Each structure stands twice: as structure tokens, then as C-alpha cells.
Amino acid sequence: MSTQLSAGGAEVTVDQENGCRISSLRIDGTELLRQGPSYGAFPMVPWCGRTENGRFRDGGTVHQLPVNHPPHAIHGFGRDAAWRRVRDTGTEAAFTYDLAEPWPYPGRVTQSVELSADALTLTMGVETYGDSFPAQAGWHPWFRRTLDGGPEARLGFTAAWQEERGADHLPTGRRIDPEPGPWDDCFGMPEGVDVTVTWPGALELRVTSRSEWVVVYDEDPEAVCVEPQSGPPNGLNTLPRLVTPVDPLEISTTWTWRRLP
């Protein structure tokens, strides 16, 4: 089962049975996302990127997550779960997913998808049913490197810093000046995420978010990834953000596009 949204020349397919991922984003008939059951654009929740050795501490308790990308746990559980559609207007839809084992805390995640003729806005919220717990949320889109055989996508952004990446692919905790790609790296943008993906002669897509963290990955020959998220990789350990009964975690991102001559 999937949900279809359309507005103007834009069409979106949400595969709620497969991690509530955006499985297709078509602009005037051109597909922007890499196709396949593991690709599209999926929500990362209740953590983003790698969690070191699959372990995180909450107070005096150490929790062990399944190591799904040895030696680490990566990208959360939401991308592998079936979500439930709770609203669909044809241009906007909302879905929910209940956190459960092996995540050690009960809670609910809500994702809304809103489409207009020139923009897609994704919003995610994480709430607890009981005790407070650390969590993260974000998105992992796989944008096609080329559109229908055209020039390769170009990435444009200005970051305040880059998280130094260790040999284990985790941030070392040291901030460095941004370095040239290729990247599988986390960048800090304290004024908000703002990254442009440009397919010359075809389309420009701008990824923005009020969040200050973004992972950029362009080491794949088929796609480039721009991942706005609520904290850095391994953030459950290094920068925990508590979800409390009165303070849920909320994050949004908007992708806007324009055709190029």
C-alpha cells in the first residue's frame, strides 16, 4: 500500500509499508530519487546515522541496539517499519509509527508530508508515552546523480564547521574547517541547513531546515544524499536531546525546486 500526492507538475509516492519513505518524487515526469526498496528518502528515527557499537547511555543505564551496520547501529528503526496512514487530502498526508522493542522506550513518531507545485515539506515529531528518553530524527534522501543521462548533480553549501570524522566513521568531537569532498560527513549550519542540489540544464533543488546539522554523502556512483537531522551522528551519546512528556522532538525540512533553462 502506498499514498499518492500530486500538485501542479509534482507527484510524490509515500510507501508507508516500507518505512514511510518517499519512494518517488517526480517533477514534470522526471524522477529525482534513486529507486529501490532501500532508497527513496526515508525517515531516520529514533536516531540518525551511526550509534557507536550500537550502545547508548541514559542516566545510569546502558542500552544495546541491534548492530545492523557492524560495528555500529545505523539510521534507526523507522525506515524498516510499517507506518499507519492517519490523514490523506491528496496534497498532504500524515502517518504514525509506535516505538517498540528493541527500542527500550514506548513512544510515537508522526510524519507529515505536504506537497505544493514547487515544494515538498516533511515534518516529524517524536513523543513519549512515559519516561523521558534521548532521541534523534531526520531524513536520508537519495537524489539521483544524473537525471535521464544529463550532467551530474552539483552540491552547493556553506557550513560553519565540519565534524572531524574518525577511522570508525564517527565524529571525533573536534570541529574543523569544511574540507572538499567527496564526503560522508556531518556539517554544522547554526543558521539552519541550506544545501542546493543542481542538475545543470534541468533542475535546482534546495534542501532547507531549521535544524543546524546535515550529513552530506556523495561517495555513491548513483546518488548524492543531503540529510538534515536533529543532531550529529552518534548524538545519542555525544549530544543527547531528551524527549519529555511536555517537550517532544520536532524537526522539519522543505525541498523547493525550480526548472533551469
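Here the structure is a predicted model, which means the values were calculated and not measured.
Here Glu163 pairs with Arg175 in a salt bridge; the nearest charged N to carboxylate O distance falls below 4.0 Å. Ion pairing between Arg108 and Glu127 fails under the 4.0 Å rule for side-chain N and carboxylate O.
Formation of a donor-acceptor pair under 3.5 Å by the Asp58 side chain with backbone atoms of Phe133 is not found in this model. Formation of a donor-acceptor pair under 3.5 Å by the Ser2 side chain with backbone atoms of Val14 is not found in this model. When atom types are taken as modelled, the side chain of Arg145 and the backbone of Asp220 share a donor-acceptor pair closer than 3.5 angstrom. Side chain of Arg165 to main chain of Asp184: a donor-acceptor pair is present (N/O by atom type, distance under 3.5 Å, no hydrogens or angles). Using modelled atom types, no side-chain atom of Arg55 and backbone atom of Val62 make a donor-acceptor pair closer than 3.5 Å. With hydrogens and angles disregarded, a donor-acceptor distance shorter than 3.5 Å links the side chain of His72 to the backbone of Asn53. Judged by distance alone, the side chain of Gln162 and the main-chain N or O of Glu164 form no donor-acceptor pair under 3.5 Å. Of the possible donor and acceptor atoms, none in the side chain of Glu250 sits under 3.5 Å from a partner among the backbone N and O of Thr123. Not one N or O on the side chain of Thr198 forms a donor-acceptor pair closer than 3.5 Å with the backbone of Pro200. Arg21 places a side-chain N or O within 3.5 Å of a backbone atom of Tyr39 that can act as its donor or acceptor partner.
Counting only heavy atoms from C-beta outward, the side chains of Leu242 and Pro134 approach each other to under 4.5 Å. In this structure the side chain of Val109 never reaches within 4.5 angstrom of the side chain of Pro46, judged on heavy atoms. Residues Val45 and Trp47 fail the side-chain proximity criterion, which asks for heavy atoms closer than 4.5 Å. At least one side-chain heavy atom of Leu249 sits under 4.5 Å from a side-chain heavy atom of Ser230. The shortest distance between side-chain heavy atoms of Cys186 and Pro233 falls below 4.5 Å. Annotation: side chain of Ser209 is in contact with side chain of Ile251 (closest heavy-atom distance under 4.5 Å). Considering only heavy atoms from C-beta on, Phe77 stays 4.5 Å or farther from Leu99 through its side chain. No side-chain heavy atom of Pro171 sits under 4.5 Å from any side-chain heavy atom of Thr238.
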For this session: Test side-chain contact (heavy atoms from CB on, under 4.5 Å) on Arg79 and Ile74 and set out the steps.
Result: CA-CA 11 Å; Arg79 63 177 176 148; Ile74 197 169; 3.5 Å; yes

For this session: Could you walk me through whether Asp247 and Arg241 pass side-chain contact (heavy atoms from CB on, under 4.5 Å), step by step?
Result: CA-CA 10 Å; Asp247 187 19; Arg241 197 291 194 185; 3.4 Å; yes

For this session: Before giving the answer on side-chain contact (heavy atoms from CB on, under 4.5 Å), spell out for Leu260 and Trp199 the whole-Å C-alpha distance, their side-chain angles and the decisive distance to 0.1 Å.
Result: CA-CA 8 Å; Leu260 299 177; Trp199 293 272; over 6 Å; no

For this session: Could you give me the CA-CA distance, side-chain angles and deciding distance for Asp218 and Arg154, then say whether salt bridge (charged side-chain N to carboxylate O under 4.0 Å, His left out) is met?
Result: CA-CA 10 Å; Asp218 68 346; Arg154 300 173 183 170; over 6 Å; no

Exercise. Is there a side-chain contact (heavy atoms from CB on, under 4.5 Å) between Glu92 and Arg87 once you walk through the steps?
Worked result: CA-CA 8 Å; Glu92 189 263 347; Arg87 185 170 67 253; 2.7 Å; yes

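The same ILVMFWY cluster, assembled from side-chain heavy atoms under 4.5 Å apart, contains both Val224 and Leu33. Linking Ile, Leu, Val, Met, Phe, Trp and Tyr whenever their side-chain heavy atoms come within less than 4.5 Å puts Leu155 and Leu32 in one cluster. Residues Val113 and Met44 do not share a hydrophobic cluster, clusters being chains of Ile/Leu/Val/Met/Phe/Trp/Tyr side chains in contact below 4.5 Å. One hydrophobic cluster, built from ILVMFWY side chains closer than 4.5 Å, holds both Phe143 and Val195. Residues Val12 and Leu147 are members of one and the same hydrophobic cluster, defined by side-chain heavy-atom contacts under 4.5 angstrom among Ile, Leu, Val, Met, Phe, Trp and Tyr.
Taking each heavy atom of Tyr97 and Gly78 in turn, the nearest pair found is CE2-CA, 3.7 Å. Taking every heavy atom of both residues into account, Ala119 and Thr256 meet most closely at CB-CG2, 3.7 Å. Between Ala10 and Ala117 the shortest heavy-atom distance is CB-O, 4.2 Å. Taking each heavy atom of Ala73 and Pro66 in turn, the nearest pair found is CB-O, 3.3 Å. Residues Leu239 and Pro232 share a closest heavy-atom pair of CD2-CD, 3.8 Å. Taking each heavy atom of Ala137 and Cys48 in turn, the nearest pair found is C-SG, 3.3 Å.
Shown are Thr121, Thr208, Asp118, Leu122; of these, the side-chain contact (heavy atoms from CB on, under 4.5 Å) with Trp255 is made only by Leu122.
Counted within 6.0 Å of CZ on Arg210, heavy atoms from surrounding residues, nucleotides or ligands total 12 or fewer; the atom is thus considered open. Heavy atoms from other residues, nucleotides or ligands lying under 6.0 Å from CD of Glu191 number 12 at most. Around CZ of Arg206, the count of heavy atoms belonging to other residues, nucleotides or ligands within 6.0 Å does not exceed 12.
A distance of 7.5 Å separates CD1 of Ile176 from CG of Asp185, quoted to the nearest 0.5 Å. Remark: Phe187 CZ to Glu212 CD distance equals 14.5 Å, nearest 0.5 Å. Note that the CG atom of Leu5 and the OG1 atom of Thr89 stand 7.0 Å from one another [nearest 0.5 Å]. Atom OG1 of residue Thr196 and atom CZ of residue Phe157 lie 10.5 Å apart, to the nearest 0.5 angstrom. Atom OG1 of Thr253 sits about 11.5 Å away from atom CD of Glu227, to the nearest 0.5 Å. Separation of atoms OG1 (Thr110) and CE (Met124) is listed at 10.5 Å; rounding is to 0.5 Å.
Here His63 pairs with Phe56, Tyr105 under the ring-ring contact (aromatic ring centres under 6.0 Å, His included) rule; sequence neighbours left out. The side-chain hydrogen bond (donor to acceptor under 3.5 Å, both in side chains) check on Trp83 picks up nothing, with sequence neighbours excluded. For the side-chain hydrogen bond (donor to acceptor under 3.5 Å, both in side chains) test, no residue two or more places apart in sequence or in another chain qualifies with Asp168.
Counted by atom type alone, Ser24 and Glu11 present zero donor-acceptor pairs between their side chains at under 3.5 Å. Judged by distance alone, the side chains of Glu152 and Thr146 never bring a donor and an acceptor atom under 3.5 Å apart. Side-chain contact, Gln16 with Thr3: a donor N or O sits under 3.5 Å from an acceptor N or O.
Trp213 and Trp139 have their aromatic ring centers separated by at least 6.0 angstrom.
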